[in-house]
> 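Okay, here's the structure, questions in a sec.
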Amino acid sequence: MADVRTPRGVVNFFGNSTDFAIAAAVVAIVMALVIPLPTALLDALMAFNLILALLILLIVLYTRKATDFSSFPTVLLVSTVFGLTVNVSSTRLILTQGTRFNGRMIKAFSSFVVGSSGTEGLVVGFVIFIVIIAVQAVVITKGATRIAEVAARFTLDALPGKQMAIEAEYNSGAISEEESISRKNDLQREVDFYGAMDGASKFISGNVKVGILVTVVNILGGIIIGTVIHNETINSAVSTYISFSIGDGLLSQLPALLVSTATGIIVTRSVSDGTFGEDVTKEFSRDARIYGIGAVVLLVFSIIPGFPWYVLIPMALLLGIIAFRLSRKKKRDFEATVTKASEAAKPREEAAEMSPVVPLDPLSLELGYGLIPLVDRDKGAELLERVQRVRRESALDLGLVIPRIRIIDNMRLEPSEYCLKIKGVDVGRGKIRMEHFLCINPGSVKEELPGEKTRDPAFGLPALWVSADKREEAERAGYTVVDPPSIIATHLTEIIKHHASEILGRQETQAILDALKKDYPAVVEEALKSLTLGQIQKVIQNLLKEQVSIRNMTAILEALADYGPVTKDGQLLTEKARQSLSRQLCLQYADAEKILRVLTIEPALEQKIIDSKVETASGIISALDPPVQNGWIKSLSRAITAVQEQGWFPVILCSEAARFLVKSSTSRELPELVVLSVPEIVNEINVEAVGEIRIESEVK
């Protein structure tokens, strides 16, 4: 307790000095409702109430985002209570002092602000008071309350979608974890703010109603007290109390009007990122033509008899000057942009000497100029959203975070053509008919439709282009109908699946290890002790070539750490990495009952494939004799067709020694073939053999 007596102890006891001062002020405001105040203090509080409302309005005007003034709902409540406290105190003094009341602020508003005295002043003041009340209650307060309600509801409804969008950007690698957390916090503050504003806006409407009630009470109560208690004449009482009541009403409603205006502004600027002044300046200076047209209209009105030409002509000249200056500014900005672009396009020998290598984009999408609307933000930019979704889904399916996809226009392409490139090399292209839909026959079409025949660029299936007005007809006929953004997105997805190993370079591998090292440093360090970065990259590339997800990098690195000291053979390490993912592989191809239906290989044929192993500079491959290779592919194709006709997914099961050789021997003719080895089968999976692959006797 001794510390409490010291200055430092006092501060610690009461907390932060600002918090203590605000708390004391709020308590004083509430207490002033019942404690009489002297006239001088009342004048000071009224002046403070007026300047406080003005400050609130100015803060709102200079605020960039509504959530930057997150304390506004609370400030609104406190300022409303403060205004009512001042109003109650003035009512007490007016009714108790009558003609002796000497409140300078109220007297000033009852005479100077009204602009006249006597009966005329009372009538004018009363009319002004009614007009202010009507404007505030019917126009500003009602509109602000409605906007606050709608903003709160729509902000809350949009919360899940916005949260998913942030998660998608984070999962795709577009933003960091810190930025993701920051955005979510901003989103939560926005929801809380508009939720609070939905209720806080009711303070303003209540304040208007109370202001009317207080004014009526002042007038009626003043007349009764003046005539009955103070023995004043009816004319004197009416003149005194109506004058004071109107001054008090105007003085209380003016700050309320400023605050309600601030409320309306802050809830109507939810889509803005700049201050009110910046937005007005930017949006009112976009086009000089509107000012030119306005000047012409004013000149036309000025020549009509009866119109004040001495007002209209100067205004027309002013608008003309503004139009002229805006047009010149726009021209200068355009010339500066062109100059900057031309300077950037000039070849620079110094830059070429410093950077002889032109970097290539890991993955890029080039569009003909006819497809530019697909990425135009003014027209929805559907393709941009689809590309982000593809990156997110690829990260979930393959475990590989795809680098940002560069989308550029290429004038060398046909207007309706697009091209997908990996590190500058063309890996796929197609043509799009804008405002048309691609109709693919899945085999269940009831009626053929007329249309331009083509092929699906992603899978090469026969398809038709039909106009937008025939979309529903095509869907009823049984076609799979795809819009242009989905066509490109699907093609991009297939390109990523089949070329993921090419996208993964050493730098991307290092990024994966660095990210994993934060949570699993021991696993990463042990794997790097026995294997180089390049050897780890090759194993991951081998997994991606067979579309094996690498999301479980911990298991992969643990397998490499176990077998890295024993062998540096990339194929053997790949097999061990696959076996560490055995449950993942089995569940990927088994049905809902965990039954894995497989095709086996005749033992003699499997041994022949193993014996065909040849080591080359690029690794181990299968080199079967041409007749045996042809017979092997034909037999395998027939077996796969038979399995597919049963509605099952074809999977080949063989020994560990033969698995990679079986895959390499079929990679050209059957690139999608799934080959599993016996060690990759986990106990909870039931294996059912549905056929055996054997070669005809003439090719044995």
Side-chain angles (χ1 to χ4, degrees), residues 53-66 68-69 112-115 124 127-128 131-132 134-136 138-144 146-147 151 254 257-346 369 372-373 375-381 409:
L54 181 61
L55 291 176
I56 292 173
L57 177 61
L58 292 176
I59 292 173
V60 169
L61 290 175
Y62 282 93
T63 298
R64 292 185 175 274
K65 293 190 300 183
D68 290 343
F69 196 3
F112 176 75
V113 175
V114 170
V124 172
V127 170
I128 293 175
V131 169
I132 291 177
V135 169
Q136 187 174 347
V138 179
V139 181
I140 301 177
T141 303
K142 188 174 182 180
R146 179 57 179 164
I147 293 174
L254 183 57
L257 180 62
L258 294 176
V259 173
S260 61
T261 303
T263 304
I265 291 174
I266 201 168
V267 297
T268 55
R269 301 188 64 244
S270 58
V271 297
S272 174
D273 289 328
T275 65
F276 182 70
E278 290 174 350
D279 291 342
V280 169
T281 302
K282 179 181 177 181
E283 293 167 4
F284 274 75
S285 61
R286 284 178 179 170
D287 198 337
R289 293 174 296 181
I290 59 175
Y291 294 96
I293 296 172
V296 172
V297 171
L298 288 179
L299 287 175
V300 171
F301 277 115
S302 67
I303 63 176
I304 298 177
F307 280 81
W309 59 267
Y310 48 86
V311 174
L312 299 178
I313 291 180
M315 291 180 64
L317 292 176
L318 178 61
L319 290 181
I321 293 172
I322 294 175
F324 177 72
R325 295 187 65 177
L326 286 179
S327 62
R328 290 193 62 182
K329 182 179 181 297
K330 190 172 182 180
K331 184 178 180 181
R332 287 197 303 268
D333 293 343
F334 177 75
E335 291 174 351
T337 304
V338 172
T339 302
K340 186 176 179 180
S342 61
E343 289 293 331
K346 290 180 180 179
Y369 69 83
I372 297 299
V375 293
D376 188 351
R377 295 190 182 276
D378 293 336
K379 298 182 179 179
D409 58 323

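Because the structure is predicted, anything quoted here is derived from the model rather than measured. Quick note: residue numbers are just sequence positions, from 1.
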> Apply salt bridge (Lys or Arg N to Asp or Glu O under 4.0 Å) to Arg325 and list each qualifying residue two or more places apart in sequence or on a separate chain.
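So Arg325 forms no salt bridge (Lys or Arg N to Asp or Glu O under 4.0 Å) with any residue.
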> Using ring pair (Phe, Tyr, Trp, His ring centres under 6.0 Å) as the criterion, list what pairs up with Phe324, not counting sequence neighbours.
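Listed in chain order: nothing, the list is empty.
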> Calculate, to the nearest 0.5 Å, the distance between atoms CG and OH belonging to Leu318 and Tyr291 respectively.
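One gets 10.0 Å once the value is rounded to the nearest 0.5 Å.
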> Quick check for you: to the nearest 0.5 Å, what is the distance between Ile322 atom CD1 and Leu317 atom CG?
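The CG atom of Leu317 is 11.5 Å from CD1 of Ile322, to the nearest 0.5 Å.
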> So which atom in Leu257 and which in Thr261 form the shortest heavy-atom distance, rounded to 0.1 Å?
O-OG1, 2.7 Å
> Once you round to the nearest 0.5 Å, how far does CG of Leu312 lie from CG of Leu319?
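Answer rounded to 0.5 Å: 10.5 Å.
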> Taking all non-hydrogen atoms of both residues into account, name the closest pair between Val60 and Ala262 and its distance.
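Closest heavy-atom pair between Val60 and Ala262: CG1-O, 3.7 Å.
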> What's the shortest heavy-atom distance between Ala323 and Gly292, and which atoms?
CB-N, 3.6 Å
> Tell me which pairs pass side chain to side chain donor-acceptor pair (under 3.5 Å) where either residue lies in residues 296-313, with sequence neighbours left out.
none
> Rounded to the nearest 0.5 Å, what's the gap from CG on Leu258 to CG on Leu55? Could you check?
10.5 Å
> Would you name the heavy atoms of Ala295 and Ala316 that are closest together and state the gap between them?
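For Ala295 and Ala316, the tightest heavy-atom pair comes out as CB-O, 3.4 Å.
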> Check Phe307 against Phe301 and note the closest heavy-atom contact, atom names and distance.
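Nearest heavy atoms, Phe307 then Phe301: CB-O, 3.3 Å.
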